[in-house]
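In what follows, a structure is listed as structure tokens, so that the remarks can point back to it.
Heavy atoms only: backbone and side chains are in, while hydrogens, waters and symmetry mates are out. Quantities reported herein were computed from a predicted structural model and do not represent experimental measurements.
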Amino acid sequence: MNFDLDEDQRSLQDTVRRLVAREYSHEHRLAHARSPQGWSQQVWDRLVELGLTALPFEEEDGGLGGSAADMLIAMEALGEAALLEPLLSSVVLCGGVLRHGASEAVRREFLPSIADGSLRLCLAHAEPGSRHAPIAVRTTAVRREADWLLSGHKTLALHGDSAMGVLISARVRGGERDRDGIAIFHVSPQAAGLQRKPYALLDGTHAADIVVQDTPARLVVEVDRAADALELASCDAITALCADAVGTMGLLHALTVDYLKTRRQFGRAIGSFQGLQHRAVDMLIALEQARSMAYFSAMASEDDLSARLRAASAAKIQICESSRYLSQQAIQLHGGIGMTEEYRAGHCMRRLLVLESLFGDREFHVARLAAMGGLIDP
Amino acid sequence: MDLRFTPEECAFREEVRQFLHDAIPTALREKMLRRRHLDKADWVSWQRILNAKGWAVPGWPVEHGGTGWTPVQRFIFLEELQQVPAPEPLSFNVGMLGPVLIAFGSEEQKRRLLPRIANLDDWWCQGFSEPGAGSDLASMTTAARREGDSYVVNGQKLWTTQAHFADWMFCLVRTDASVAKQNGITMLLIDMKSPGITVRPIHTIDGHHETNEVFLDNVKVPVGNRVGEENQGWTYAKYLLGHERSGIARVGVSKERIRRIKALAKAVMDDDGQPMSANAAFRRRLALLEVQVKALEVSQLRAVAVQRRDGPDAFASILKIRGSELQQATMELLMDLLGPMSLPDLEDAGAQGVVPEWATAAAPSYLFSRTYSIFGGSNEIQKNILAKMVLELS
């Protein structure tokens with residue numbers, strides 16, 4: 001056990017921080033968000049150059065074979081940017097589903113192009129009304145000769161508007177909530193019967209509803225592996241998202257502490273008041289507990305599915321708690337300026353709201369962790 | 001960064017666990033499990049078992065009997081100790097005075113006292129707080145005036161934990177009232193059998209006697225019992241309070257209690273006659289607490305498993321705050337789990353047998369746990385330190 005960064009990790013952290021500082025200022029980000037696809041190709045190319053899209057993949061899949069710690073370091077450093085590019089959706093999520101569930105042939109076909117950034121996929125799994133249920137699939141897959149035909153409605157597919165391919169979960173047999181009977185299919189956005197309804201989320205990230213009607217599709221993860229693959233990929237996504245959120249929370253805390261030092265009322269810096277100092281300290285504690293749990297989620301990344309799910313739930317619970325607290329206190333301590341659209345704190349808060357909800361909110365994860373017997377074995 | 005325990009660390013944990021479980025007397029472990037108060041003899045015998053194994057003073061330098069373990073190994077040792085559960089090496093001796101003497105004591109003091117400290121031949125208590133000096137410790141007024149080869153000490157110490165067990169006291173006294181308050185303090189080693197010392201018990205809200213008032217009336221202390229230099233006592237006191245961080249969060253204590261809660265929840269019924277272990281609201285509350293304990297555990301590991309440290313050390317205060325809050329929260333949950341079974345008063349002989357014996361310590365332990373956020377620098381003082389040293393707010 002050792003929390004010191006080695007030389008490569010320090011250099012990874014420095015490089016990502018430099019990228020964020022130079023090319024991802026608040027103004028840059030707003031401009032990316034306003035562009036038609038909602039993110040910057042130029043920044044994406046830089047992420048590719050730095051190897052971030054290849055980091056989680058094994059070398060034989062065209063990746064760099066990075067460790068969980070490497071990914072954590074990169075994502076936390078990117079968290080200050082509140083990145084709009086499809087790193088989480090294509091690399092972590094779709095890459096994860098294929099890594100965990102696809103045959104070697106399918107992996108060889110897709111992963112190298114995901115790793116080199118030339119292929120961007122989105123995952124269409126959630127359905128309207130499924131809330132946070134990890135498995136709630138009504139979309140059907142019916143076999144017709146060599147093809148499968150999919151019909152159904154998917155929602156909140158991250159970067160679903162600009163993705164070059166869609167991974168869709170669909171049911172071959174069984175009822176909506178059955179773990180058994182779902183498989184994952186690859187569909188071209190141009191396929192017959194596919195419609196996309198794009199929209200922006202609260203933080204500017206683009207997403208889409210995707211409706212398919214007898215749309216031809218190719219099976220990429222078999223029925224016996226799909227549910228596990230989706231859950232393992234969600235654990236990967238939660239681990240990355242937690243580190244990402246910690247980066248954003250760190251920025252929010254720094255903005256707040258700076259403000260306390262510069263804002264003067266009653267003839268003195270408001271940071272001299274003990275009531276506000278203690279609030280800023282409570283924010284620091286919430287931030288550090290969140291960081292510890294992001295680490296914990298990463299520590300479990302080689303464990304079995306049950307341990308990973310418990311660790312992911314535990315991490316997400318802490319992230320949600322800390323994120324709500326830091327967001328609300330940051331706005332409160334800034335006062336009126338914190339409420340303005342122009343100021344950065346509100347954008348951090350909107351970003352964190354999205355991260356709190358993705359892959360299960362606090363209530364979902366508390367219920368799941370409780371049902372799984374908690375973290376400490378009796 | 002490597003987020004896994006090494007195979008060597010895992011093997012070390014096994015070795016420690018095996019030894020502790022074999023070595024602890026059954027009666028002592030039972031007392032610990034049931035949260036009964038330990039007698040002086042319990043502490044002494046356990047400390048000597050550890051000392052015979054060479055594990056009584058792990059954090060000390062090897063030449064003074066330390067084990068040479070890494071900070072991660074010391075963390076593992078304490079965590080395993082707390083989860084047996086077994087008493088930790090007596091903090092006043094091992095965590096406080098020992099390191100101060102090693103850093104600032106004379107060669108004669110080290111040679112004479114350190115082996116006795118490690119073996120608990122002498123029980124030490126801490127004479128710091130006073131009626132007018134709690135969080136503002138440097139305002140203490142207990143005074144020592146020099147008379148020949150002795151100091152003569154007059155004053156009163158307060159909240160002196162286990163002074164009634166103690167053979168000796170390391171004590172802060174004022175030797176110069178004319179300078180800034182931090183610059184006129186000296187640390188003396190005082191024999192509790194000296195004429196002029198009166199120890200008066202304080203019973204706390206849990207009904208127990210653990211802490212005391214100590215009155216010092218013309219107590220003569222040889223100059224040779226001064227630690228380091230005259231008027232440098234504040235430096236030594238700060239060193240003492242900031243020395244040991246491996247176990248500051250006492251994560252193992254909270255984990256052991258959660259295990260206990262989980263075991264008892266199977267036997268305690270909810271209002272519908274079902275086991276509490278199946279009650280959804282209880283399970284959620286427990287799960288949330290487990291998350292907080294895990295966050296503290298990883299935070300504690302982050303504090304010890306680093307070679308380089310950038311900037312001021314935020315972690316000691318954060319660990320103290322969260323560690324105390326979670327020890328309190330786990331105690332509170334245990335009491336709430338038991339519900340009305342926690343009501344019969346342990347101190348009343350008539351209450352014997354009314355509820356299972358294991359239920360009776362929950363409420364007193366909860367009541368006593370309120371002290372965790374007060375002693376050792378209250379949590380509000382810790383927040384002042386964090387605001388000033390880490391956030392640089394002033």
Can you tell which part of [X] gets under 4.5 Å to a heavy atom of chain A, answering side chain, backbone, both or neither?
X: E9(B); value: side chain
X: L391(B); value: both
X: S394(B); value: backbone
X: R322(B); value: side chain
X: L286(B); value: neither
X: K262(B); value: side chain
X: Q382(B); value: neither
X: I261(B); value: neither

Under 4.0 Å between a side-chain nitrogen and a carboxylate oxygen: does that hold for [X] and [Y]?
X: K181(B); Y: D136(B); result: yes
X: R99(A); Y: D236(A); result: yes
X: E7(A); Y: R10(A); result: no
X: E288(A); Y: R302(B); result: yes
X: R308(A); Y: E302(A); result: no

Of all of [options], which one pairs up most often with chain A through heavy atoms under 4.5 Å apart?
options: V72(B), N384(B), I321(B); answer: N384(B)
options: R259(B), R283(B), R260(B), K383(B); answer: K383(B)
options: E297(B), E380(B), K388(B); answer: E380(B)
options: A287(B), A280(B), S277(B), A263(B); answer: A287(B)

Chain B neighbours within residues 258-266 of chain A, where any heavy atom lies under 4.5 Å away: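 Interface residues of residues 258-266 of chain A: L260(A), K261(A).
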Interchain contact, [X] with chain B, by part (heavy-atom threshold 4.5 Å):
X: D377(A); result: backbone
X: R291(A); result: both
X: H253(A); result: side chain
X: M293(A); result: side chain
X: L276(A); result: neither

[Y] backbone acceptor or donor facing [X] side chain under 3.5 Å:
X: T371(B); Y: I374(B); value: no
X: K294(B); Y: L375(A); value: no
X: Q9(A); Y: D6(A); value: yes
X: H132(A); Y: H365(A); value: no

Consider only side-chain N and O atoms of S11(A) and D14(A), and report whether a donor and an acceptor are under 3.5 Å apart.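 Checked: S11(A)/D14(A) side chains show no N/O donor-acceptor pair below 3.5 Å.
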Is a donor from one side chain sitting under 3.5 angstrom from an acceptor on the other, for S297(A) and T239(A)?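 S297(A) vs T239(A): donor-acceptor pair found between side chains.
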Quick one: does K316(A)'s side chain get under 4.5 Å of L241(A)'s, heavy atoms only?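 A side-chain contact under 4.5 Å exists here.
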Has R131(A) got its NZ or CZ under 6.0 Å from the middle of the six-membered ring of F364(A), at an angle within 45 degrees of the ring axis?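 No, cation not above the ring by the 6.0 Å, 45° rule.
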Are F3(A) and Y295(A) an aromatic pair by the rule of ring centers under 6.0 Å?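 That pair passes the under 6.0 Å test.
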